[in-house]
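In what follows, every heavy atom counts, from backbone to side chain, and hydrogens, waters and symmetry copies are set aside. This is a predicted model, so every value here is computed, not measured.
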Amino acid sequence: DAGVTQSPTHLIKTRGQHVTLRCSPISGHKSVSWYQQVLGQGPQFIFQYYEKEERGRGNFPDRFSARQFPNYSSELNVNALLLGDSALYLCASSFRGRFLPNQPQHFGDGTRLSIL
Amino acid sequence: DAKTTQPPSMDCAEGRAANLPCNHSTISGNEYVYWYRQIHSQGPQYIIHGLKNNETNEMASLIITEDRKSSTLILPHATLRDTAVYYCIVSLRNDMRFGAGTRLTVKP
C-alpha cells in the first residue's frame, strides 16, 4: 500500500512569493497534519485537519494556511515567504475515529523548501 | 512546547540492546506515549505507542513506569541501520509536539 505522498519533493522560491505544498494521505486515513522542520530541530506542529475541518493549530503566523479536500488530501499554503521559512515541510496522516482518537501518525518524506 | 526530556545523544554497540530513556513527569491520565525515529532526510517513522501497559512489536518494546512519569524504548538487537534521532512524544489528541530527541549512534 502507498504511504503518505508529498509533492513536490524540492522547491526553491524567493522572498515575498507564495507556495502551495500538497499531501495525499494513506488510503482510509481521514486526519492530516502538517509540520515544519528546520535544520537541526525536531518537527514543529503547524495544523491538523480531520474530516475537512481544522482541529488544531500550532504557533505559526497567519501567513500559513491549509485546507483538506473531500478525498482527504490536503494543501499547505504559505504567503509572503521569508528566509526563515526555509525548512522541510512534513505531512502526516492517521486513522482517527470516534473510538480510536490516538492512532499513530504516519509521515511522508516531506517537501524541502528553500527561500532565496 | 515538548513535554518530554531525553538525553541528546547515546551510543550503542551493534548487536546489543539499545535502551532509550524519556521523562514525561507532567503526563496527564489520558495522554499516550509515542516513539518515532528519523533517519537523515527522511520523514519520522512510527515505532510504538502505549498508554500504561508495556508494549512490544516487531521493532521495539516500550516500558512505561507504573506512575507513567517515564518510559524506555528498547531496541533488542541494535543494527547500524538503527542509527537515527529518536523522539519520545506524549499526546492526547494526536497532535505531536516533538522535542530535540536522542541521537542514537550504533557502532560496529
For B:Arg103, I'd like to know if atom CZ has over 12 heavy atoms of other residues, nucleotides or ligands within 6.0 Å.
no

Open item on the list: Tell me whether A:Leu39 at atom CG has more than 12 heavy atoms from other residues, nucleotides or ligands lying less than 6.0 Å away.
Closed with: no

From the list B:Tyr36, B:Trp35, B:Tyr32, side chain to side chain contact (heavy atoms under 4.5 Å, CB included) with A:Pro104 holds only for B:Tyr36

- Message: Other residues, nucleotides and ligands only: do more than 12 of their heavy atoms fall within 6.0 Å of CG on A:Asn71?
- Response: yes

query = Under 3.5 Å, side chain of A:Tyr35 to main-chain N/O of B:Met96, donor-acceptor pair present?
reply = yes

*asked:* Does B:Arg16, at its CZ atom, have more than 12 non-hydrogen atoms belonging to other residues, nucleotides or ligands within less than 6.0 Å?
replied: no

Okay, B:Gln45 and chain A: the region with an atom under 4.5 Å from a heavy atom over there is neither

In this structure, CG of A:Leu90 is separated from CD of B:Gln42 (nearest 0.5 Å) by 11.5 Å

Closest non-hydrogen contact found for A:Gln41 with B:Tyr87 is O-OH, 4.1 Å

Honestly, the part of A:Gln44 sitting under 4.5 Å from a heavy atom of chain B is side chain

Honestly, the part of A:Gln37 sitting under 4.5 Å from a heavy atom of chain B is side chain

Has A:Asp62 got more than 12 heavy atoms of other residues, nucleotides or ligands less than 6.0 Å from its CG?
-> no

